[in-house]
Amino acid sequence: MREEAHRFGRARHLVGISGLPEGPRGETGVIVLNAGLVHRIGPFRLHVELTRQLNAAGYPTLRFDLSTVGDSAASGGQQTRAQQVCADLDDAMKLLGERAGCERFVLFGLCSGAQNAHVVAATDPRVSGAIFLDGYAFRTLGYKLRYYLPRLADPARWARRLMRRAGGAPATPKTTPQPVFAVAPAPREEVIADFTGMVGRGMKLYLVYSGGISNYFNHARQFRECFGKVMSHPAVTTRYAAETDHTYILTGDRARLLDGVGGWLSRNFPPASAGRHP
Amino acid sequence: MRLDAEMPFFFGPDAGLFGMYHAPSVPARRAMLMCPPLGQDLIRCHRVYRQLAQSLAEEGMAVLRFDYYGTGDSAGDSAEVDWDRCVSDAVTAATELRQRAGIDRVIAFGARLGGSVALTAAERARFMEVIAWDPVLEGDRYVAGLDAMQAALREDAGRFNRPRSHSDVADQWLGFDIGQNLRHQLSALLVAPANVPTLVLDSMPASPTARWERIVSHRGKVAAITPPTPWDDLERLETAILSHPLIQAVAGRLKEVA
């Protein structure tokens, strides 16, 4: 495996690290997008561990910083954020294509990275697969039932509430955690249409959602509740990791995530013939 | 912004160290080596390091940011981070900076353990000055603090739906595998004063200035920065450390000694 540092892009404003496997390479490269504002190494170096593990399995990779994130600058153009993301990914795919000969690409994104990967995957025919970690989701009726019913049936919770009403105990002040990572909402029908379009053109999808987003997602069934029957399509794989946090702070959780990603890639894009699908 | 003035590259043994060179906007007479902290502090400080590097390059300094072996974009696993290797990587990076910039006079900057590395490497790397932002001077207290935060992380209800097992959180500090070697090295760490001018920038919450006396009494001084930096706040573990006062303090110091 060899890593190369690049300044690249239409305005030479992007910074990234390509990872090139030794020996024969597949035609599918994996491109890793920023998670929130964390620079390209990823939360707790997740993206470094991921790309090196994939390089060892034969996949060329690129982890890079989108415009204005990490070490990358603004491109200087007058574009919306979505247009910028698409143009940045176009630059990234061209670079990895030049360095490794890839013709097809799998995008990997966590949180806002999943949202950005979704935007590109929905429109760019070179994207043949996507791995969305804690991407789009919606509070469904099932979510609310799973969230509220146990609380309604909890006598200790009722006792605390009654005591507060009677003035017997001061209410515990609630602190609002600062949002560090967040996925902006999109219309549900639009997201479903995007997923349907992706699998319709032969893309493979891997959705991994964590217990760290329990404020809007709390069960494996919620994939289907959110997005309907497209989640049962053979090209879609889902996994709900209730025990983990949003950014995989524990190394064992990270190792299990990376094993899952590696296994999904090898099943859907075998390195020897990676990318050879419609 | 001069985009090509910031060049990413690999250097050092087996080209395994990642660096980002900020070329000066005008011919430089001095250079700065920015030694990063370790662990999550490295990620949290990435943006402020970049801002400081850009600011200094605009003022006419050649600047090199880099990652130690086992950290950031450099080669090696997180569990392979080794204190002695970090110090020797700083020496290697100083040599690289001198070659790239064509300048012999190098000042070192570092936050937390990055400041400790800069102080420890000062003689071997021939730094002309060290600017250390809240450096770690006594490793045993630092290790105890990390252990306490890791123990609290196990039960962090803001992060996990259920407390995790002790084995789930073992042998790690806040997101990173740690080898026994590093634990022992940091536990025994007692940073000695550098035999060069030293400026400590103090933004530790409610810290008595006396804690720095051991390293600045000889050839240095302490300057306070406000507000305090939340280095050890578990709730802000993934929030970037940003500090305009820090950038102003470093730039001001460099103008003083220009």
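Everything numeric here is computed off the predicted structure, so don't read it as measured data. Chain letters run A, B, ... following the sequence lines, proteins first, then strands; residues in each count from 1.
- Put simply, the side chain of R45(A) does not reach to within 4.5 Å of the side chain of I43(B), judged on heavy atoms.
- Taking the side chain as every heavy atom from C-beta outward, E243(A) and R162(B) never approach each other to under 4.5 Å.
- For L250(A), the parts sitting under 4.5 Å from any heavy atom of chain B are the backbone and the side chain alike.
- Closest of all the heavy-atom pairs between E49(A) and S78(B) is OE2-OG, 4.2 Å.
- Highest contact tally toward chain B, considering only G42(A), G212(A), G70(A), is held by G70(A) [criterion: heavy-atom pairs under 4.5 Å].
- Highest contact tally toward chain A, considering only A240(B), A79(B), A75(B), G39(B), is held by A75(B) [criterion: heavy-atom pairs under 4.5 Å].
- Ranked by heavy-atom pairs shorter than 4.5 Å toward chain A, the options G158(B), S167(B), G70(B) are led by G70(B).
- For chain B, no part of H47(A) is nearby; none of its heavy atoms comes within less than 4.5 Å.
- Nearest heavy-atom pair, F10(B) versus E4(A), reported as atom, atom and distance to 0.1 Å: CE1-C, 3.8 Å.
- In summary, R52(A) and D77(B) do not engage in a salt bridge, as defined by a charged side-chain N under 4.0 Å from a carboxylate O.
- Under the 30°/60° scheme for interplanar angles, the aromatic rings of F44(A) and F176(B) are found to stand perpendicular.
- Closest approach of V48(A) to G72(B), counting heavy atoms only: CG2-O, 3.5 Å.
- Rounding to the nearest 0.5 Å places CD1 of I249(A) at 8.0 Å from CG of D156(B).
- In this structure the side chain of L37(A) never reaches within 4.5 angstrom of the side chain of R47(B), judged on heavy atoms.
- For the atom pair CZ (R159(B)) and OG (S210(A)), the distance works out to 10.0 Å, reported to the nearest 0.5 Å.
- The number of heavy atoms from other shown groups lying within 6.0 Å of CZ (R161(A)) does not exceed 12.
- The structure places CD of E6(B) at 12.0 Å from CZ of R12(A), a figure rounded to the nearest 0.5 Å.
- Nearest heavy atom pair, residue T251(A) against residue Q172(B), reads N-OE1, 3.0 Å.
- Looking at heavy atoms from C-beta onward, L42(B) lies in side-chain contact with I41(A) at the 4.5 angstrom threshold.
- Highest contact tally toward chain A, considering only G16(B), A15(B), G76(B), is held by G76(B) [criterion: heavy-atom pairs under 4.5 Å].
- Among D73(B), D168(B), V169(B), the residue with the largest count of heavy-atom pairs under 4.5 Å with chain A is D73(B).
- Taking all atoms of both residues into account, the shortest heavy-atom contact from T244(A) to R164(B) is CA-NH1, 3.9 Å.
- With a 4.5 Å cut-off on non-hydrogen atoms, E3(A) touches chain B through its backbone and its side chain both.
- Few gaps surround CG on D84(B); more than 12 heavy atoms of other groups in view lie less than 6.0 Å from it.
- Looking only at side-chain heavy atoms (C-beta outward), R65(B) and D71(A) come within less than 4.5 Å of each other.
- Note that the OG atom of S214(A) and the CZ atom of F160(B) stand 12.0 Å from one another [nearest 0.5 Å].
- Between the CZ atom in R50(B) and the CG atom in D65(A) there is a gap of 8.0 Å [rounded to 0.5 Å].
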